[in-house]
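First up is the structure itself, then whatever we jot down about it.
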Amino acid sequence: MSSLTATIDGVERELAPGTTGADLFGERRDVVVMRVDGALWDLAREVPAGASVDAVTVSEPDGLMVLRHSTAHVLAQAVQAVNPDAKLGVGPPIENGFYYDFDVETPFTPEDLKALEKAMQRIVKEGQAFVRREVTRDEALAELAHEPFKCELLTQDTAGAEGASVEIGDGDITIYDNVRRGGEVAWKDLCRGPHVPSTRVLQNGWSLMRSAAAYWKGSEKNPQLQRVYGTAWPSKEELTAYKERLAEAERRDHRKLGAEMDLFSFPDEIGSGLAVFHPKGGVIRMEMEEYSRRRHIEEGYEFVYTPHATKAQLFQTSGHLDWYADGMYPPMQMDEERDAAGNITKQGQDYYLKPMNCPMHNLIFGARGRSYRELPLRLFEFGTVYRNEKSGVVHGLTRARGFTQDDAHIYCTREQMKDELTTTLEFVLGLLKDYGLEDFYLELSTRNPEKSVGSDEIWEEATATLREVGLASGLELVPDPGGAAFYGPKISVQARDAIGRTWQMSTIQLDFNLPERFELEYTASDGSRQRPVMIHRALFGSIERFFAILTEHYAGQFPVWLAPVQVRAIPVAEPFNDYLGELVARLRAAGVRAELDASDERFPKKIRTASKEKIPFVLIAGGDDADANAVSFRYRDGSQDNQVPLDEAVARIVEAVTTKAQV
RNA sequence: GCUGGCAUGGCGCAAUGGGUAGCGCACCGCUCUUGUAAAGCGGGGGUUGCGGGUUCGAGUCCCGCUGCCAGCUCCA
């Protein structure tokens, strides 16, 4: 018998014909599939001659995806075991887990999920093998005639459809049989694979999370299926760690902290997505805005103010009413007059709440003749806008219906454009760092042909310029095809927070379009009239949203300069009230938000209260401190610094505020 | 907007299969008060998101609205 050669984990080896991945890697329990010339294969398949084969473990991203997808199959088998009428949608792996969509008569309840987990445990215990079988399209259609969604995937061009690539790859059509130890086929599914060798590999590292409706193929126009979400990990320990991360995110949730710390609320009386800031949240917001203002002055911005409402014509001119009327609050009709019979005697006027500030800034630019000497002209405003977000998407401060942008529009010449974008990006990153965010990457959103205006040349120039500037920053630049606004491409700054989540922060958008629509012009040095280029940029995006992100980033433990109460002075007993009262007065004179707890509560209770309020500096004084003309510091983590001389204590606190220190 | 779930004093929760709303924290008062996350006693506060309906009787059942939560779709 002849043999074949293959490269196994980088080493060229002679193999007997028919050698499978299982033969090669079967000993290693963490190996779930193999990579054959770059493609992922089931371990049960035979290694082809001349191939380069590597083991893929469950701990690496590809292996984990296989594990998660295999878990989705076990879920689907369990669902059809419990409910044979359930029709299968798709079941791809996703970040942290997987889902599978089903067409069922009645949606899943939490009790259903528990029952499904039980059924899944049985399947895992049975140690069913995942067996790959190549079929023709006609065979697959015949075998899966009772699965309408699978048939649709088989017969339609599925390019781009959500999750569909899991079912059908580029190559052969395959069906995976789940085979019990006795050889009996327990279940089967149309699937590209690959899979883990046995359901046993899943162990107890998975869990069902929730169920929800999802549109078939991700389109609002299609019927909704019932989706079951699960999570899957290589081990029980990693599953537990993941659940702990979720719990941590919940503890940091700004909606929860906002109520607990008395920062803001959403009164039902005002309406969905419209926040009010309470005094403590107000302090944080004021500090955020104050610092931003100062930096904008230093960067050469000029400050403008514009109203919240406008006649319809303005947004007709800008094009927003054509593109985004649905996202705007409905118009308010003004000034219409009727006679007794109800006939209109005076034509009215529609007014809208503004969903953006740019058209108003354009009017300021156009209010008089502009010279090239004024450019770049940078107009800044904390502009409050209103957007009629769909009821299901409103989410705390991160997705509100009324919010305030730290919005600016820069008008410049084409020649200035690149430098201006570069300094703007530097400004953005520097400012975000001052607020405590450190870890960034960039996203370049390019044109969506279905939703855009302007010529190809203009889009290409704008996109190329943004790309150059982005690459020059040295940060990772991730493409986001089709993600641009209708008037121009954008770069957005993504920031990672303290627990590793990424948030879209600042956006810088290039716009050749609105200057055209508003017929903006400046006089060039040669006396000719030229059209300026416009840069839209927001650093926080929305103050409310940035507020939420900082709250979650810091888990409510704001750095001193932002903390609503910076110092709480707590006497060990009443006789020391005056002693600490004087210190508090000194701190206040130095601009520190300090207060004395002179209440009738006992000492331990006061410590507890200050701790729950997450106050950065708790100053304690009793006999020992007073004798030494000193005070004791207690920090949020419970650590302590005793008997610090009063002068030093004041200096230390003032410095923590001015340096934006976290303590 | 769609699917599902939820809605009880400021907050967190309780109220057997429909029978006239309880608890903790917070709040107010009194007593106490010398070293690190809750002193003791007493008190006030809700008609159960809003509007209809079923019933002798509804926080508990039904319908509509509002709001919230999760996911989907969307996010200039």
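As the structure is a computational prediction, the values presented were derived from the model and not from experiment. Throughout, protein chains are lettered first and strands after them, A, B, ... in sequence-line order, and every chain is numbered starting at 1. Hydrogens, waters and symmetry mates are skipped; everything else that's a heavy atom, side chains included, is used.
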Gap between atoms [atom1] and [atom2], on [X] and [N] respectively (whole Å):
X	N	atom1	atom2	result
Glu220(A)	U3(B)	CD	P	12 Å
Ile270(A)	C68(B)	CD1	P	12 Å
Met209(A)	C72(B)	CE	P	13 Å
Arg568(A)	U36(B)	CZ	P	19 Å
His409(A)	A76(B)	NE2	C1'	11 Å
Arg399(A)	U73(B)	CZ	P	12 Å
Trp216(A)	C2(B)	CH2	C1'	18 Å
His395(A)	G67(B)	NE2	P	17 Å

**OP:** Would you mind pulling out the nucleotide paired to U36(B), Watson-Crick or G-U wobble, both distances under 3.5 Å?
**Re:** none
Subject >> Identity of whatever pairs with C27(B) - Watson-Crick or G-U, under 3.5 angstrom >> reply: G43(B)
When you measure from the side chain of [X] to the backbone N and O of [Y], does any donor-acceptor pair fall under 3.5 Å?
X	Y	value
Asp406(A)	Phe540(A)	yes
Lys354(A)	Pro307(A)	yes
Arg531(A)	Leu520(A)	yes
Lys606(A)	Asp597(A)	yes

Name the nucleic acid region contacted by [X], choosing base, sugar-phosphate or nothing; use a 4.0 angstrom heavy-atom cut-off, strictly under.
X	result
Gln509(A)	sugar-phosphate
Tyr229(A)	sugar-phosphate
Ser318(A)	nothing
Asp624(A)	base
Gln640(A)	base
Arg634(A)	base
Arg255(A)	sugar-phosphate
Gln224(A)	base
Tyr324(A)	base
Pro604(A)	sugar-phosphate
Tyr487(A)	sugar-phosphate
Asp407(A)	nothing
Ser272(A)	sugar-phosphate

Tell whether [X] reaches the base of [N] with its side chain through a donor-acceptor pair below 3.5 angstrom.
X	N	result
Glu601(A)	U33(B)	no
Arg227(A)	C72(B)	no
Lys390(A)	U73(B)	yes
Tyr215(A)	G71(B)	no

**OP:** Would you please indicate yes or no on a ring centroid separation below 6.0 angstrom for Tyr100(A) and Phe102(A)?
**Re:** yes
Original post:
Using the benzene-type ring in the case of Trp, are the ring centres of His536(A) and Tyr487(A) under 6.0 Å apart?
Top reply: yes
Nearest to the [X] side chain among [options], which nucleotide is it?
X	options	value
Ala573(A)	A70(B), U33(B), C68(B)	U33(B)
Ile620(A)	G35(B), G71(B), A38(B)	G35(B)
Val393(A)	G1(B), G4(B), A37(B)	G1(B)
Pro575(A)	A70(B), A37(B), U34(B)	U34(B)
His320(A)	A26(B), A76(B), A37(B)	A76(B)

Original post:
If you find the nucleotide of RNA chain B closest to Ala259(A) and the one closest to Ser611(A), which residue's nucleotide is nearer the 5' end?
Top reply: Ala259(A)
Original post:
5'-most contact on RNA chain B: Ser391(A) or Phe603(A), nearest heavy atom basis?
Top reply: Ser391(A)
Any side-chain N or O of [X] under 4.0 Å from OP1/OP2 of [N]?
X	N	answer
Arg602(A)	G35(B)	no
Ser211(A)	G4(B)	no
Lys614(A)	A37(B)	no

Original post:
Any salt bridge between Glu595(A) and Arg568(A), counting N to O under 4.0 Å?
Top reply: yes
Subject >> Nearest heavy atoms of Arg636(A) and Lys614(A), plus distance in Å >> reply: NH1-O, 3.2 Å
